[in-house]
Participant: 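First the structure, then my questions, so here it is.
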Amino acid sequence: MSEMKTAAYICSGCGIGDKIDVKSLEKIATREGKMALVKSHEFLCGEAGVGMIRNDIDNEGVTHVMIAGCSRRAKTEAFHFPTTAMARANLREGVLWVVAEGDEHDEVRQEMADDYVRMGCAELKKMQVPAGNPATAQNKRILVVGGGFSGMTAALAAAEAGYEAVIVEKTGELGGWAGKSWKRVPGAAPYADPQDTGIADLIARVKSSPKITVHLSSTLAETRGAPGRFAADVATESGSVTTEEVGAIIQANGFTPYDIAKLPELGGGTNPNVVDHAGLEALAIAAKGDTIKRADGKEVKSVVFLQCAGQRDDSGKHLPYCSGHCCATSIKQAMYFKDANPNVDTVVMYQDLRVPGMGEDFYRSAQQKGVVFTKGKAAAVEPAGDGCRVAFRDLILDEDTALEADLVVLATGQVANSGVNIELPDDDPAKAQKTSVLNLAYRQGKDLPILKHGFNDSHFICFPYETRRTGIYAVGPVRRPMDAQQAEEDAVGAALKAIQAVENASLGRAAHPRSGDLSFPKVRLEGCTQCKRCTVECPFGAIDEDEKRFPLFNESRCRRCGTCMGACPVRVISFENYNVDTVGSQIKCLDMPDEFSEKPRILILACENDAYPALDMAGLQRHVYSAFVRAIPVRCLGSTNLVWITDALNSGWDGIIMMGCKKGDDYQCHFVKGSEMAHYRLSKVDDTLKQLGLEPERVVTHEIAITDNVRCAQIINDYVAQIMEIGLSPMKGFG
Amino acid sequence: MTGNIATNRTVLVVGGGISGMTAALEAAECGKEVILVEKLPTLGGRTARLYRYFPKMCHPTCGLEINLRRIKGNRKVQVLTMTEVVAVQGRRGDYRVSLRIAPRHVNENCTACGDCAKAVDAEIPDPFEYGLKTTKAAYLPHAMAYPQRYVLDPSIIGTADAEKAQAACKVGAIDVAMAEETVDINVGAVIWATGWKPYDAEKIQPYGYGRFKNVITSLEFERLADPAGPTGGKLLRPSDGKEARNIAFIQCAGSRDENHLRHCSRICCMASLKQTQYVREACPDGSGKSTIYYIDIRAIDRFEDFYQNVQKDPSVSFVKSKVARIAEGEDGNLVLHGVNTEGYHRYAADHDLVVLAVGMEPEAKGIRLPEDIVTDSSGFIEGSKDEGMFGAGAAASPLDVNRATQSATAAALRAIQVIHKTAATETAA
Amino acid sequence: MAKKNIAFYPGCSSQRKSSAANYLVSVQSMCDKLDIAMNEIPDWNCCGASIGYAEGGELPRVAITARNFALAEKHLPGQDVVSTCAACWLANRETQERLEASPHLRAETNEALGAAGLSYQGNTKARHMVEVLIEDIGYEGLKAPVVKSLEGIKFAGYVGCQTNRPFGIAGESFENPQYLDKMVELAGGEAVPYDQKVTCCGGALAFSEPEKSQKQIRDIVESAYDHGADMIVTPCPLCQANVEVYQSEINKKQGTQFNMPVLYYSQLLTVAYGGTAAEAGLDGQIIRASRLEEIAGK
Amino acid sequence: MTTANQPAAYRNDFLKEVEANVEEGHMVKMCMQCGVCAGSCPLGSHWEHSPQKIFMMIRAGKREEVLTSDAMWMCTSCYNCIARCPRKLPITHIMHGLANYAHRLGLAPKGQPTRDFAVMFWNNLTKTGRVNELKLTLGHYFKDGIGAGIKKGLEMKGVGLGLLKAKRLNPMEILGGHKLQDLAGFHAIVAKAREIEDRRRGLSS
C-alpha cells in the first residue's frame, strides 16, 4: 500500500454554508485533523465537486478522503471512490437539519459541526481500504443433503445454472415422501385435480445429469471448513467413507410425519382403520387410481379426514404449529376417493380451512366433486362395527354428534428432521436422542441453529435465507412446514443462495447484510489471551479454535458484524476499515468544554442498520434535537468494545446513549445476537462507573427501530435534560 | 440512459418493490448484470408503506434500508425509476424490451435539500399516504425514497409553481422541459416482479367504502398506525378525527369471493391479527377493542403462534362470519349486520371504525403483458411459454413478504439459468 | 312509425283496473311523449312471480314464461320484451338465462310448449322499462320533453329488490343505485339522500306475514320522513302497493302518522312532460300526491 | 332415492336427493359457511335456520329437519343473498326449490301462511292464466274459514276500500276477470311441464 495522503472536502451546499462557518471547519480539518489537503465546495456532489476529488485521487496521490457534507447514506453514487478510504462527516442530516434554527443556536451548531469534522478526520486516519483476502476459497460445488423432492429440485436448479451438485441421501433411493405419494397437490392453473408428483421425472433428470453426483444410503460423518472449502465425509451404510469437497451446502432432509400413535384418542396406533396422510398415500398407490381399499382389503365406502390432528395444540402435548399443507393434502386425498367413485362419502372435518392463494380453487373443485366440508372438532375415534365412529363437536350446527366411516385419516403435522438442537446443554437428554444431520466440525455445534418448533428457518422476514451459518441453507420442510409447491420455490431459491455463497467466497466478499464487504477480522494472536469470548459470541459460528486453542477465523463464514471485536477484552481483533481505533479516535478527538460550560457532550453509538438511519430521517423530517450529542455509527451494537465506553467516560463525555436493535424472541438485530450481546456486556459497565465515581445514568441503552425518527429525537432531548439535572461529568480534563 | 449497456446476458427485473429488489440483488450478487425498472419515482413498493410486519412486528423499512444499501454498493444493478415496460419482443435469451421513462423533471443533481418544495404552493394528495394527507407538488416520495431525489408532479408543469421550483433550486436540478423518453434494451431474461394492488374496496358495495368515511382499507390503517404517517401514528378516524377505540376488521374483503377475487389473498388474516396489536398499543389503558370477522383464520405454520397469542388477548374477539352489510349511524359509527355461523347468532354490532382487509390483486392485471406470458385465473403470472420470463413475488401469487422474497430469489436463479444457457450456447457456437 | 317499438308485457298487476293500473296509465302517457310504441303481447299470461314456487315448481314456471316469449317471437318479431313490473322482468330474465344455460331445460320447456303448438327460439331480449329509458332514450332524451318542473318537491328514491337484484340496471350499484334520483332531478325535483333505497318491503309476504312485512315497510317510510322527503318514488308495483297501502295499517297498529304518497317514476315524468293528473294516473293514489296534482293542474 | 327417516350423519344420501330434486340443488355443496346470506335476509331474525345452516344440515343428512323447516317459507325473494354470496350460490332459488320439494312431499309445515298463500297464488294464476287479484285477496282472507275471513276482511277494509276508490281493485273480477283466449293451450303447457318435472323426480302427479 502506498503512503497515506489525506484530504478533507467540505461541502457548503444545501444551506450548510449559510448556517455553518465553513472556513472554521477548514481550519479545524487542517490544524487539528492534520489533513494534507483541505478544500471546500458549494456543490460537492455535483460534477465539478466530484471531479475535484477524483482529480486529487488520480493526480495528487490522495488515498484517504474525508467528506463533510451530507450523511454517509446520501449521494453514494456521486461519492464512489472504491480504491480510496473514505470517512463522512454528517453536517447536513446530523447538524444543519436537527439543530434548532435561530441565531441563538449558532454557537452550539458550529461546535457540533466542528466536532464532526474532527471525528471524520480522526476516523479517516485509522482506516485502510480493505485489501481483501489473498487466499480465497474456490470450490463451487453444491452439496445437497437429502434426495427427496426439495433436494433433487435444488440440485437440478444448481446444475442448470452450471454448478456441480452432490446429493447425499440417507435411504437407498431418491424420491423421499413425494416418491411415496400417489399424486401431489396441483401447482398450476386450473388447480382442479391432483397432479402427477413428477418424482419419476426428477429422478431421471438427476440420474442423467452429468453435473450431479448421488450418494445413496449415505450420511454425513463430518463436515469441515467454510464456504468455498467445505470437506464432507460421506459415510455409507457399509462403512466406507468418501470425502466430497464442496463450496456450499443445502440441507433438504425433510420431515417425519408426527407419530399417530401419540393420538390414541383419535384411534392413532390402536385402530387399524385409522391412518395418517402417508398411510393413505400407500393405500392410494396400491389402488392405482381405482377404488381405495383398506389394509384388510375392504373397499372404502366412507372416509373422514380429521384436520389438525395433533397440531395447533395449546395443551403442550402435541405440535403447537400448523403444518400449512394438510388442508390441501386432505383435499387431494379426498379427491382420490371421489375421482375413483363419486359415491364414496367423503368428509373433511376442519377448524379453519387453510388453503391460501389459488388453493381456494382446489377447495372449490373438491366441493364440486362432492367432498363435504364441515367445521368441527373431533373428540374421539372408536371402533364401531366394521369401521370407526367419530364423535365430534359440529361447530356450525352447534351440537355434539357422531358419524361413522370405514376409514379415518388423521391429518398430522410435519416434524422437521433438523438434527441436534445445538442450543441445548450437552447433558440434555433431548440433545442426546437426536442424531446430527450435518455433523459440522464447528466450535458452536454440529447442526444449524433451530429457530422455532424444531425448524431451521430464518428469523428474517425480508431475508428468508439468512441462516446463521453462512453458506449452509435449509430448504423444504426441514426449514418450515410446507407443501410441494412451496418446497419447489424454496429449493430453487436456496440453490441461488448456495451459488451466491460460493461466488462470494471465491472473491472474499461478505454475504448479506454487509454484502460485498471485503474487510474481514484480523487478529493479533500474540496479544490473545485465549479467553474464547470471540468464539462463543460469534453469532454465525465463524470462529473455531485451532489446536493451540487460539481463535481460528473462517473468513468466508464471517458476516463482518464485529461482535468478536466488541467481545475482545484485549482488543486484538480489528477490520481494516472498522476497528477499535476508528471509533476510539473519534471519541477522544473532541474539543471537550469544561465542567462549568453547561455544554454537556453526549456520545451516541448508533447501529448503522436502524438507529443511524432513524437519526438521519429525524433530520430529513426536521425533528429538532439537542446540539450536545455526537453520533457515531457502528456496524452492530454488538461490535461495541467496552474500551470505547471507558475512553469516553475518561475523556469527559457526560453521557452515552447506545442505540441498537430490538433483542429478545422477536429480535430485529441483523446480526442475530449483536444487540443482545451489547446489552449483556453493558450490564457490566456499572462496575466501571462505580470505580470512576459516576452515576449509572451516564450510560443508557435504547432499542431503536428504523421508524423511530420522532422517538429518537425525543430520547436525545430527554436524556440531555436528565444529564443537565445530574450535572456535567467531573472527569473532564483528565482524559 | 447511462451506466451499463444491457446485453443478452443481462437480467431485466420489472418492479422495484421488495420482490424486484430482491430478485435484482440476488442475481447481481451472483455476478450478473441487472437492470431494475420501477414505474414510480422510488423503489420500495407496497411494503415501504406498511408500518410493521407480522409476526415479528418489525419494520419493513428496516429491510428496505439493507436492500438499498446493497443496491448503493453494487454497480451491477442499474436502477431506472419512473420507467415502464411498453413492449417485449424476441425470445428466451434474446429479448428486445422497450422502456418508457416518464419525466421526473428533476435530474441527478438533486441533493434532496427541499428548497423546491418550499417554493411551490400547489399541494397534491400524497400518493405514499393513499391520499390521507396532501404533500407539496414538488416532493420527496418518502423519507427513505431511493433515488433520494425530488419529483415534480405533472400537474404543475407549465404553471408558475414549476417556474418557482426551478428558480429555488441552487444546483440546477430542476428541468421543466424534461420529456418522456423511450429506450430499447437487449436482455436475456425478464423477471416480472410487478407486485400487487389492493382490490378496489368501493366495489364491495355492502361495506360502503367510499360512502362511509369511517370504513377504511387495511392499507390505509397501516398509514394511520405509522408514527411517520398522516396522523402521527394515532388511530384517528377520518370522519371527525376522534380516536378509534372499537375497531372491526372484516376479512376476505374482496378475496375468496367470486363476485370479486376468486383467490384467497393469504396475507389478510395475519395482517388483521397484526393490526389488532396496533390497537392494543395505541390504547395502553386497555380501552381499545378489536373484533375480527372471518370465514377461516389462515395463520399457517408458525404464524399459528401469533394467532394463538392474539386469541389470548382480551381486547380482541373473533366472529366467524362474513359481514352482510354495514349501515352508518348518525355519529359516524358503523353498524355491522350479520350472523355468526358458529351456532347461528345474529348481530348488529356497533363499531367506530371499520377496517376492510382488502385482497391482493396482481398489479399487472389490466396492463398489457407480452402475449407469451401465461397467467392464472386471477391474473397472477405463471411465466412465459418460452421459459425466459418469470413471475416473482406477489406478481406470481398472493404471498406474504417472506414468501415473496423467497419466490423472487427463485426467479433470480431461473433467470440466471437462462443467461447461463445462452452463454453456453454462444460459447459453443 | 314510432321512434321505438317494444313488445310490451304488462303483467297481472299492471292490467287495466288492477292494483298497479296507475302505473300502466302513466307509462302509457310517458311513452306517448317519448314516442315509444307499446305493443302488448297478445294473450300473454302471468309470469308466475317469485311466490309461485311452492306449487309451481321449476319447469312449469319456466314454461309459462317461455310461452310469453314464444308469443312475442311469433307476433312481434324483433322487438324487445319489455316489462314494467320488477317481478315480471326478473322472471323473464331468469327464465331466459336458464334456457340459455341449459339445453336440457330448453328441450323440456319446448316439449311443454309443444302442447299448445308453441316453441321458444330465444331470439328476444327481456328488458325493463327503466332500461329502455336509460339505455335507449338516455337522461338527456328523458329531459328533453320536460315542460314543468317538479321544483320544491323532495323525493326519496326507493328502488326495492327485484329491479335491483340480482341483475339490476346496468352500471348501477346494488347498494346505492342512482337512476331514480337522476330521474327526479331531471324532472326538476329534489332527490334526498335515503338509506332504505334497496330495503325489502316484504314482497308477497305482505299478505302471508303481515307483521314481519310491515316492520320492513315502516323502516322504509320512516327513513323517507327522516330524510325530509315529501314523497317516495319507485319503479316496482309490489313495492308501490305495499309501501302505500299498508301505511294506514301501520298507523292503526303502531300509532304512527304516516301519510306519504308513493309514486312511480312514470307518474313524475308524465307530470313533468305536461300530462294531466289523470294521464299521470294520480287519481290512482290511495295517499294522494296533492302537490303533484297541483303542478299537473297548472 | 333414500327416504329413510334418519339417515346417518354426514352421509351423502340426502345431499344427493336434494341435488336430484331441488331447483339448483346441485349448488348446495358449494357453500363455504361464511353466513353472508344469513345476515342479508330481511326476515332472517324470524326463522330458525339460515340458508347457510340449511345447507350444512343437508350435508349433515338432516332430511326431516330440513324439509319440515319453516325457513324456506320466509323468503321474500329479495335476492340480497344471491347478490352477496361469494360462492355465487343461487340461494333464493334453492330456498324456493327446497320449499317446493318439501311441499310436494307433504312435509312442509302445515298451516304455514306463506305456503298456503303461495299455493293459492299458483292455483289462482293457472286457473285463468292471469292473477285474479280480488279472488286472491279474498281467498287469502278466508283460508282459515268464513269467520276468520270476515274478521280479517273487516280489519283490512280500509285497504280494500282505498284500492277500490283508486280503481285499483275491480269488484267485477269476482265474476271472472282477465282470462286468456287460449286458456286450453296454457293449461296444456302447465300440465305437460308438471308431468315432465314429476317424472324427473320420480313423483306422481
Side-chain angles (χ1 to χ4, degrees), chain A residues 13-15 43 45-46 74 76 157 160-162 188-190 312 314 320-322 324 352-361 395-396 398 452-453 461-465 480-481 489-490 492-493 495-497 499-500 503 513 515-516 609-610 613 617 620-621 666 668 670 705-707 709-710, chain B residues 18 26 29-31 53 56-59 61-63 65-66 70 72-74 109 111-113 143-144 148 170-171 226-228 256 262-264 266 296-302 304-305 308 341-344 376-378 382 397-398 401-402 405-407 409-410 412-414 416-417 420 424:
Chain A
C14 287
F43 181 25
C45 61
T76 50
E160 302 242 317
R312 299 179 64 190
D314 58 3
Y321 54 88
C322 156
D352 290 284
L353 201 80
R354 293 179 167 172
V355 280
M358 291 298 155
E360 198 65 22
D361 273 346
L395 292 164
I396 297 292
D398 202 22
K452 215 170 184 188
H453 306 319
I461 291 162
C462 303
F463 309 108
Y465 293 103
R480 180 164 69 205
E489 288 293 287
D490 196 21
V492 178
L496 180 133
K497 294 305 286 190
I499 288 168
Q500 203 176 65
E503 292 297 337
S515 36
N609 297 310
D610 290 72
M617 284 187 278
L620 190 75
Q621 295 167 339
D666 286 333
Q668 286 163 29
H670 293 266
I706 193 162
T707 49
N709 28 37
V710 177
Chain B
I18 188 147
E26 296 301 353
E29 288 178 9
C30 286
Y53 281 152
K56 277 168 61 187
M57 302 303 281
C58 57
H59 301 278
T61 42
C62 163
E65 171 74 11
I66 297 289
R70 288 164 82 187
K72 290 173 192 173
N74 195 324
N109 278 357
T111 63
C113 71
M144 283 184 58
Q148 196 185 34
K170 295 190 189 76
V171 294
D226 192 336
R256 300 184 69 185
R262 286 180 63 79
H263 59 269
C264 157
R266 184 193 281 269
D296 293 286
I297 294 287
R298 293 185 164 171
I300 66 168
D301 59 59
R302 68 169 183 276
E304 176 71 17
D305 300 357
Q308 286 182 9
T341 62
E342 274 193 27
Y344 186 31
D376 65 24
S377 63
S378 286
E382 291 190 337
S397 175
V401 172
N402 191 267
T405 47
Q406 206 178 315
S407 152
T409 309
L413 184 62
R414 294 191 175 110
I416 288 172
Q417 289 170 346
H420 168 72

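Chain A is the first sequence line, chain B the second, and so forth, proteins listed ahead of strands; every chain is numbered from 1.
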Participant: Taking atom types as modelled, find out whether B:Asp305 and A:His453 have a side-chain donor-acceptor pair closer than 3.5 angstrom.
Facilitator: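 Checked: B:Asp305/A:His453 side chains pair up, N/O donor to acceptor below 3.5 Å.
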Participant: Working to the nearest 0.5 Å, report the span between OG1 of B:Thr341 and CG of A:Leu395.
Facilitator: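 Between atom OG1 of B:Thr341 and atom CG of A:Leu395 there are 9.5 Å.
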Participant: Using a 4.5 angstrom heavy-atom cutoff, name the option from A:Asn709, A:Asp361, A:Thr707, A:Leu353 with the most pairs to chain B.
Facilitator: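 Among A:Asn709, A:Asp361, A:Thr707, A:Leu353, the one with the most close pairs to chain B is A:Leu353.
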Participant: Where does B:Glu29 contact chain A at under 4.5 Å (heavy atoms): side chain, backbone, both or neither?
Facilitator: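 Looking at B:Glu29, backbone and side chain both touch chain A.
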Participant: Do A:Cys462 and B:Ile66 come within less than 4.5 Å of each other through their side chains, counting heavy atoms only?
Facilitator: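 No, every pair of side-chain atoms sits at 4.5 Å or beyond.
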Participant: Out of B:Asn74, B:Val401, B:Val171, B:Thr61, which one racks up the most heavy-atom pairs below 4.5 Å with chain A?
Facilitator: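 So the answer, after comparing B:Asn74, B:Val401, B:Val171, B:Thr61, is B:Val171.
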Participant: To the nearest 0.5 Å, how far apart are CD in B:Gln148 and CG in A:Leu620?
Facilitator: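 If I round to the nearest 0.5 Å, the distance is 6.0 Å.
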Participant: Let's test your reading of the structure: which of B:Lys56, B:His263, B:Arg266 forms the most heavy-atom pairs below 4.5 Å with chain A?
Facilitator: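 Highest number of heavy-atom pairs under 4.5 Å: B:Lys56.
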Participant: Any idea which of A:Lys497, A:Lys452, A:Glu503, A:Met358 has the most non-hydrogen atom pairs under 4.5 angstrom with chain B?
Facilitator: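 Heavy-atom pairs under 4.5 Å are most numerous for A:Met358.
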Participant: What part of A:Arg312 gets closer than 4.5 Å to chain B, counting heavy atoms only: side chain, backbone, both or neither?
Facilitator: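 Looking at A:Arg312, backbone and side chain both touch chain B.
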Participant: How close do A:Phe463 and B:Gly63 get, counting heavy atoms only, and between which atoms?
Facilitator: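 Heavy-atom minimum between the residues: CZ-O, 3.8 Å.
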Participant: Identify the heavy atoms of A:Gln621 and B:Ala228 that sit nearest to each other, and give their distance.
Facilitator: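 Result for this residue pair: NE2-CB, 4.4 Å.
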Participant: Among B:Cys58, B:Gly31, B:Pro398, B:Ala424, which residue forms the greatest number of heavy-atom pairs with chain A at distances under 4.5 Å?
Facilitator: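 So the answer, after comparing B:Cys58, B:Gly31, B:Pro398, B:Ala424, is B:Cys58.
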Participant: Given heavy-atom pairs under 4.5 angstrom as the criterion, report whether the side chain, backbone, both or neither of B:Gln417 touches chain A.
Facilitator: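 B:Gln417 touches chain A through backbone and side-chain heavy atoms alike.
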Participant: Which value, rounded to the nearest 0.5 Å, describes the distance between B:Gln406 atom CD and A:Glu489 atom CD?
Facilitator: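 Rounded to the nearest 0.5 Å, the CD-CD separation comes out at 7.5 Å.
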Participant: Apply the test side-chain contact (heavy atoms from CB on, under 4.5 Å) to residues B:His59 and A:Asp610: give CA-CA distance (whole Å), side-chain angles for both, the deciding distance (0.1 Å), then the verdict.
Facilitator: CA-CA 10 Å; B:His59 301 278; A:Asp610 290 72; over 6 Å; no
Participant: Pairing donors with acceptors under 3.5 angstrom, does anything connect the side chains of B:Glu65 and A:Asn609?
Facilitator: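 Short answer, no.
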Participant: How about A:Arg354 and B:Ile297: do any of their side-chain heavy atoms sit closer than 4.5 Å?
Facilitator: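 Touching, per the 4.5 Å side-chain cut-off.
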Participant: Nearest 0.5 Å please: distance from the CG atom of A:Leu496 over to the OG1 atom of B:Thr409.
Facilitator: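 Those atoms lie 6.5 Å apart.
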Participant: Of the non-hydrogen atoms in A:Val492 and B:Ala410, which two are nearest, and what is the gap between them?
Facilitator: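 Looking at all heavy atoms of both residues, the closest pair is CG1-O, 3.5 Å.
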Participant: Given that the side chain runs from C-beta out, which part of B:Glu342 has a heavy atom under 4.5 Å from chain A: side chain, backbone, both or neither?
Facilitator: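 Contact with chain A is through both the backbone and side chain of B:Glu342.
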Participant: Taking all heavy atoms of A:Ile461 and all of B:Thr405, pick out the closest pair and write down the distance.
Facilitator: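 Nearest heavy atoms, A:Ile461 then B:Thr405: O-OG1, 3.8 Å.
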Participant: Against chain B, work out which of A:Gly493, A:Ala189, A:Cys322 has the most heavy-atom pairs shorter than 4.5 Å and name it.
Facilitator: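 Most pairs with chain B among the choices: A:Cys322.
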Participant: Quick one: are B:Arg298 and A:Asp352 in side-chain contact, heavy atoms under 4.5 Å?
Facilitator: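 They are not in side-chain contact.
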Participant: If every non-hydrogen atom of A:Pro464 is compared with every non-hydrogen atom of B:Asn402, which pair is closest and at what distance?
Facilitator: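 Closest approach of A:Pro464 to B:Asn402, heavy atoms only: CG-O, 3.7 Å.
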Participant: Roughly how far, to the nearest 0.5 Å, is CG of A:Asp314 from CD of B:Glu304?
Facilitator: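 If I round to the nearest 0.5 Å, the distance is 9.0 Å.
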Participant: Given that the side chain runs from C-beta out, which part of A:Gln500 has a heavy atom under 4.5 Å from chain B: side chain, backbone, both or neither?
Facilitator: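 Both parts, backbone and side chain.
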Participant: Under 4.5 Å heavy-atom distance to chain B, tell me which part of A:Cys14 shows up: side chain, backbone, both or neither.
Facilitator: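 It is both, since atoms from each part get that close.
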Participant: Is chain A contacted by the side chain of B:His420, its backbone, both, or neither, given a heavy-atom distance below 4.5 Å?
Facilitator: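 Contact with chain A involves the side chain of B:His420 alone.
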Participant: Given that the side chain runs from C-beta out, which part of B:Ala299 has a heavy atom under 4.5 Å from chain A: side chain, backbone, both or neither?
Facilitator: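 Both backbone and side chain of B:Ala299 come within 4.5 Å of chain A.
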Participant: Give the member of B:Leu413, B:Ile416, B:Asp376, B:Ile300 that has the highest number of heavy-atom pairs under 4.5 Å with chain A.
Facilitator: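 Answer, by heavy-atom pair count under 4.5 Å with chain A: B:Leu413.
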Participant: Rounded to the nearest 0.5 Å, what separation is found between the OG1 atom of B:Thr111 and the CZ atom of A:Phe43?
Facilitator: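 Result: 7.0 Å between the selected atoms.
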Participant: Could you tell me which residues satisfy side chain to side chain contact (heavy atoms under 4.5 Å, CB included) with B:Ser397, sequence neighbours excluded, listed by chain and number?
Facilitator: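 With sequence neighbours excluded, B:Ser397 shows a side chain to side chain contact (heavy atoms under 4.5 Å, CB included) to B:Leu399, given in chain and number order.
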Participant: Identify which part of B:Gln308 has an atom lying under 4.5 Å from any heavy atom of chain A, answering side chain, backbone, both or neither.
Facilitator: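 Contact with chain A involves the side chain of B:Gln308 alone.
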Participant: For A:Tyr321 and B:Asp301, which heavy atoms make the closest approach, and how far apart are they?
Facilitator: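 Heavy atoms of A:Tyr321 and B:Asp301 come nearest at CB-O, 3.9 Å.
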Participant: Based on non-hydrogen pairs under 4.5 Å, which of A:Gly516, A:Pro320, A:Gly46 is most in contact with chain B?
Facilitator: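 Looking at each option in turn, the highest pair count goes to A:Pro320.
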Participant: Thinking salt bridges, do B:Arg414 and A:Glu160 make one under a 4.0 Å N-O criterion?
Facilitator: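 A salt bridge is absent here (no side-chain N lies under 4.0 Å from a carboxylate O).
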